[in-house]
Protein chains: 2
Amino acid sequence: MPRRPPVSRRRKPHQDRAQATCDAILTAAARVLVKNGYEAASTNRIASEAGVSIGSLYQYFPSKEGLVMAVMERHRTRSLEGFEAELVRLASQPLPQAIRALVRQLLTTKLENPRLHQVLHELVPRMRQLGQVDPHEQRLFRLVRAFLAPRVAALRPRDLDMAVFILVHSVETLCIKAVSDRPDYLTNETFLDELCALMQGYLQPVGESVRPAPKRATGRGRSPASREISPRS
Amino acid sequence: MPRRPPVSRRRKPHQDRAQATCDAILTAAARVLVKNGYEAASTNRIASEAGVSIGSLYQYFPSKEGLVMAVMERHRTRSLEGFEAELVRLASQPLPQAIRALVRQLLTTKLENPRLHQVLHELVPRMRQLGQVDPHEQRLFRLVRAFLAPRVAALRPRDLDMAVFILVHSVETLCIKAVSDRPDYLTNETFLDELCALMQGYLQPVGESVRPAPKRATGRGRSPASREISPRS
DNA sequence: CCAGAATGTGAGCTAGGACTCACGTTCGCA
DNA sequence: TGCGAACGTGAGTCCTAGCTCACATTCTGG
C-alpha cells in the first residue's frame, strides 16, 4: 500500500554519521531484498536490519520505491564502471578477443552477488512503471554502440541500434537466467564459449569464418565438462 | 498482504453457469493485469470487472496467486499449442526456413496481446518463488530440443541442452523487451531477419555459410526501414 | 559552553487489500 | 413442485506494511 506520491523532499546527509546511516540502509536493503524478495522486504525490516529506526530511513529515502531505486542505482553504477573500463581497455583489440573478455567480465561481475543481480533485474519493469526509464540501460547501449561503431564496416548487421539491442538484451538475460535456472553455467567455460559464439555468429558477415583461436592448453587436461571460468584467463 | 496458505480446496465448476463465471474471472483478471499491473490488480477489482462478487472469485480460485497462475496457465497453453503445431509442420523443412517460420510465429503470437505477454513474463519469477517451476518452460525446451536433435550432426553446438537454453531464452526475451521498449520492432521485418541471423549464426558450424534465400521481391520496393511483418509471408 | 542545526527514534496512524461466512438464488431431478 | 446441491453475494474481519510526527540526542561554530 504505497502512500501518495512522495512530496516532501528528503534530507541530504551532511555529516559523516548521516552518510554512514545512509550506507547502512542501502546495504541492509540489498541484503533483505536478496533474502526475502521485494514483497517481503518491508521498510521496517530493512531499517531494523540496518540497525537504525524506521524514521531515519524515511529521512533519506522518500519511499520504499525510492530506496530500491537507490539500491539499483548504486549497484548498477558499480557494474557499469567495471564494464566501461574493460571496454576502453579493449577498444583496439580484435573483435573475438574483445567479445570474449567482455562476456567474461559480465559473468565475473554476476558471480560476485548473483542473487542481487537477479533480484534487481526482475525489479526493473516495476521501477520503470513507477519512474522514468532506467538511465543505466541507455548508457550501456551507448557504450556498446560506441565500441562497435568503428568496426561497423566489417560487420553484418546494417542497423547498429538494433544490433546493440539484440546483443545487450540477449547476453544480459542469458546471464540472469543462468543465475536462477542454471547456476552451474556461470562457472562453465563452455557456456562462455557459447555466448561468444552467439555474438560472433550474429555480428559476423555471412560466409566469413573467424575461427576462434584454438582454445586452451590449460594445464593437465581437465574434463571439458568441468572447465571453470576464472577472471581474465 | 496475502493471508496464510490456502488450505480449503476450492469448488470445481459443474454447471455451465459456473464455467462461464470462471471464464469471466480469468478474462477479467487478464484485462486488469494488463491495465493496472500485478500490484494494483486487487481481487475485488478483478471480481467487479468480471461482473461477479468477490465471494464467487474465491469459490474457484484459492488465492490471488492461484488466480494469476491460472491466467498464466491458460495463456501460455494457447501460445504453446500454436508453437507446437508450427514445429510439427516444419519438422522436415530446411533449418533456415524453419527458423524463420518459428520466429515469425513467435512474433505474431506476441502481437495478439503484447502487454499481456509482457506482464505474464514479468510475473514468472514471482510465481516461481511461490510455486513450483513453470512446467511450460520445461515443455517448450523439450519441444525445441526434439526439433533440433535430428539435425545435431549439422550443427555447431555440442551441448544440445545448453543450445536450447540459449536459443529459447534469448529469442523469447528479445520479443518481450521489444514489446516494452521497441514496439515498432514487433512489426519490423528487419527485426525478424536479425533474430533469424542470431539463431542461425549461433547454430551454424563455423566456416559454413548458408546464405539465406535472396530475400524479398515484395512488389513496389518499400523502404527497407518500414517493411512489415505479416503472418506467413 | 551554548544555541541551533543536523541527526536519530519508534509508537502509532491509516489505507487498503486478501479473504471469510452466513445467507440468498438457481438448477437438476424425481 | 419440492428438495438438496450447486452457485452466487457482499458486508465485514483481520492484518500488514508504508509512512508521519513529536520528541530526544548529537554535533558544530562561535
Side-chain angles (χ1 to χ4, degrees), chain A residues 1-26 28-29 32-33 35-71 126-127 130, chain B residues 1-26 28-29 32-33 35-71 126-127 130:
Chain A
M1 290 98 274
R3 286 284 185 81
R4 283 310 70 216
V7 217
S8 55
R9 276 277 52 89
R10 254 39 194 193
R11 206 177 275 171
K12 284 240 183 62
H14 290 111
Q15 307 174 5
D16 286 355
R17 181 171 50 132
Q19 188 56 55
T21 302
C22 255
D23 288 351
I25 293 170
L26 284 169
V32 174
L33 278 174
K35 200 163 37 176
N36 307 83
Y38 183 83
E39 311 294 325
S42 75
T43 50
N44 285 281
R45 194 161 172 61
I46 291 171
S48 88
E49 191 92 0
V52 305
S53 78
I54 181 65
S56 292
L57 190 155
Y58 280 95
Q59 301 224 330
Y60 300 107
F61 304 96
S63 64
K64 182 178 175 179
E65 271 128 24
L67 171 56
V68 172
M69 288 282 243
V71 173
R126 192 195 311 251
M127 292 299 117
L130 272 298
Chain B
M1 289 100 272
R3 286 283 186 82
R4 281 312 71 217
V7 218
S8 56
R9 276 275 54 87
R10 254 43 191 190
R11 205 177 276 171
K12 284 240 181 65
H14 290 111
Q15 308 174 4
D16 286 356
R17 182 171 49 132
Q19 188 56 56
T21 303
C22 255
D23 288 350
I25 293 170
L26 285 170
V32 174
L33 278 174
K35 202 163 37 176
N36 307 83
Y38 183 84
E39 310 295 325
S42 75
T43 50
N44 285 282
R45 196 163 172 61
I46 291 171
S48 88
E49 191 92 1
V52 305
S53 79
I54 180 65
S56 291
L57 190 154
Y58 280 96
Q59 299 222 333
Y60 300 106
F61 303 96
S63 65
K64 181 178 175 179
E65 271 130 23
L67 170 56
V68 172
M69 287 282 243
V71 173
R126 191 195 311 253
M127 292 297 117
L130 271 298

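Note that the coordinates shown come from a computational prediction; the quantities given were computed from them, not determined experimentally.
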Separation between [atom1] of [X] and [atom2] of [Y], rounded to the nearest 0.5 Å:
X     : Y     : atom1 : atom2 : result
B:N44 : B:E49 : CG    : CD    : 12.5 Å
A:C22 : A:Q59 : SG    : CD    : 10.0 Å
A:I46 : A:I25 : CD1   : CD1   : 9.5 Å
B:R45 : B:L57 : CZ    : CG    : 14.0 Å

Rounding to an integer number of Å, can you tell me how far [X] [atom1] sits from [N] [atom2]?
X     : N      : atom1 : atom2 : answer
B:N36 : C:dG17 : CG    : C1'   : 14 Å
B:H14 : C:dT26 : NE2   : C1'   : 16 Å
B:Q15 : C:dC29 : CD    : C1'   : 12 Å
B:K64 : C:dG17 : NZ    : C1'   : 8 Å
B:F61 : C:dC19 : CZ    : P     : 13 Å
A:Q59 : C:dG10 : CD    : P     : 13 Å
B:Q19 : C:dC27 : CD    : P     : 16 Å
A:L67 : D:dA17 : CG    : P     : 16 Å

Using a cut-off of less than 4.0 Å, is there contact between a side-chain N or O of B:T21 and OP1 or OP2 of D:dC7? no

Which is true for A:Y60 with a 4.0 Å heavy-atom rule: it touches a base, it touches only sugar-phosphate, or it touches nothing?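 It contacts sugar-phosphate atoms only.
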
Among C:dA6, D:dC7, D:dG18, which nucleotide sits nearest the side chain of A:R17? C:dA6

Please find the pair of heavy atoms, one from A:S56 and one from A:T21, that lie closest to each other, and give the distance. CB-CG2, 4.4 Å

Listed in order of residue number, which residues of residues 43-58 of chain A have a non-hydrogen atom at under 4.0 Å from DNA chain C?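 The answer is A:V52, A:S53, A:I54, A:G55, A:S56.
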
Mind checking side-chain hydrogen bond (donor to acceptor under 3.5 Å, both in side chains) for B:E39 and listing every partner two or more places apart, or none if nothing turns up? A:R126, B:R126

Tell me, with the steps shown, if A:E65 and A:Y38 meet side chain to side chain contact (heavy atoms under 4.5 Å, CB included). CA-CA 10 Å; A:E65 271 128 24; A:Y38 183 83; 3.7 Å; yes

